[in-house]
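A short worksheet on the structure shown next.
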Amino acid sequence: MPELPEVEVTRRSFVRAIEGAQVLAAQLGKSLRWPLGCEPSLLVGRFVRTVHRRGKYLQIELDHGWLLLHLGMSGSLCFAADLPQAGIHDHFDLVTSRGTLRLNDPRRFGAVIYLDSLADPMAHKLLGHLGLEPLSDSFGLAEFHAGLKQRKAAIKQVLLAGDLVVGVGNIYASEALFAAAIRPTASSASLGRVRVARLHAAICMVLARALEQGGSTLRNFSSTDGQTGHFQLDAMVYGRADLPCKVCAKPIRMIRQGQRSTFYCPSCQKR
DNA sequence: AGAAAATCCTGGTGGC
DNA sequence: TGCCACCAGGATTTTC
């Protein structure tokens, strides 16, 4: 399932190729999470300026308007000159002069949304509340600490919520907390400066490493050129319930927090 | 009111 | 083999 590193890997894999392309056609398959917001034919003739990313959202900047794109939990994009006829799970094609950008999304939790040029894409309700970008300079330790202090929920759930820091999904939340030796159930506000600094560094490290490695692929993520990532090979705790901790050999524990599974080592992450 | 918890969407997978 | 519970990200709704 695409998390931030996967989304960034996807973006990088086609941004250069699609910049400057002119839209020749747009086709919608089955409906996604939300309606596109315009007739697909409205996009024809427009030019692609570039592709940005905010959190797990990709923003295709056109010469007139924007396409906001989310991969949900099973979405993937491919961009190629020659694509076979759309398959059962292909739900959006943006045919351009440089190739076709295709969204494949079996579970259809993903979305493609058109915003007209008057809209400020950052002000859109889906983006407006998003937190700091963990891979950018804006992810400051002081700001992160201040945000953590005003939330009482379990640290794992604060990370997951996305309104303080984006892109730390279920996998990376468990991994970052392990790397920082912090128990996922610890109250966010209870974390002192030293542990917050450790967590901050861990989030940066875990995401940067996943990005270097081409994103994680717990199921079937692949970037648009078909390269698959391999983060799952190095997961320290995620998906390893009852298996020995790679550091201390005690069994990894799985618990549920807010309907989500969390993995941690009770010995390495004592509080 | 604001924070936290529950719910919902879909389809692949694994257990029986 | 067929059925069914389960799981996932995150917006939305409900509860506290």
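All chains are named by letter (A, B, ...) in the order of the sequence lines, taking the proteins before the strands, and each is independently numbered beginning at 1. Reckoned from all heavy atoms, side chains included, excluding hydrogens, waters and symmetry mates.
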Along nucleotides 2-8 of chain B, 5' to 3', which nucleotides get a B, which get an S, and which get a -, given that the test is a protein heavy-atom distance under 4.0 Å? --SSSB-
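For A/Arg151, the salt bridge (charged side-chain N to carboxylate O under 4.0 Å, His left out) partners two or more places apart in sequence, or in a different chain, are A/Asp163.
The side chain of A/Phe109 sits closest to B/dT10 out of B/dG11, B/dT10, C/dC7. If you check C/dA11, C/dG10, C/dA8 against the side chain of A/His129, the one that comes closest is C/dA11. With C/dT12, B/dG11, C/dA11 as the candidates, the nucleotide lying closest to the side chain of A/Lys125 is C/dT12. Residue A/Arg107 has its side chain nearest to B/dG11 when only C/dT12, B/dG11, C/dG9 are considered.
Classified by interplanar angle (parallel below 30°, tilted 30° to 60°, perpendicular above 60°), the ring pair A/His70/A/Tyr57 is perpendicular. Ring-plane geometry between A/Phe263 and A/Tyr238 is classed as perpendicular, the angle between the planes exceeding 60 degrees on a 0 to 90 degree scale with a lower cut at 30.
Tested against A/Leu199, the residues A/Val165, A/Ile182, A/Val194, A/Leu141 include a single side-chain contact (heavy atoms from CB on, under 4.5 Å) partner, A/Ile182.
Cluster membership check: A/Leu4 does not share its hydrophobic cluster with A/Leu160, using side-chain heavy-atom separations under 4.5 Å among Ile, Leu, Val, Met, Phe, Trp and Tyr.
In this structure, the side chain of A/His91 does not engage the main chain of A/Arg108 through any donor-acceptor pair within 3.5 Å.
Heavy atoms of A/Leu160 sit nowhere under 4.0 angstrom from any nucleic acid atom. Counting any heavy atom pair closer than 4.0 Å across all strands shown, A/Asp105 reaches no nucleic acid atom.
Rotation axes derived from the C1' atoms of the five outermost pairs at either end of the helix from B/dG2-C/dC16 to B/dC16-C/dG2 lie 50° apart, to the nearest 10°.
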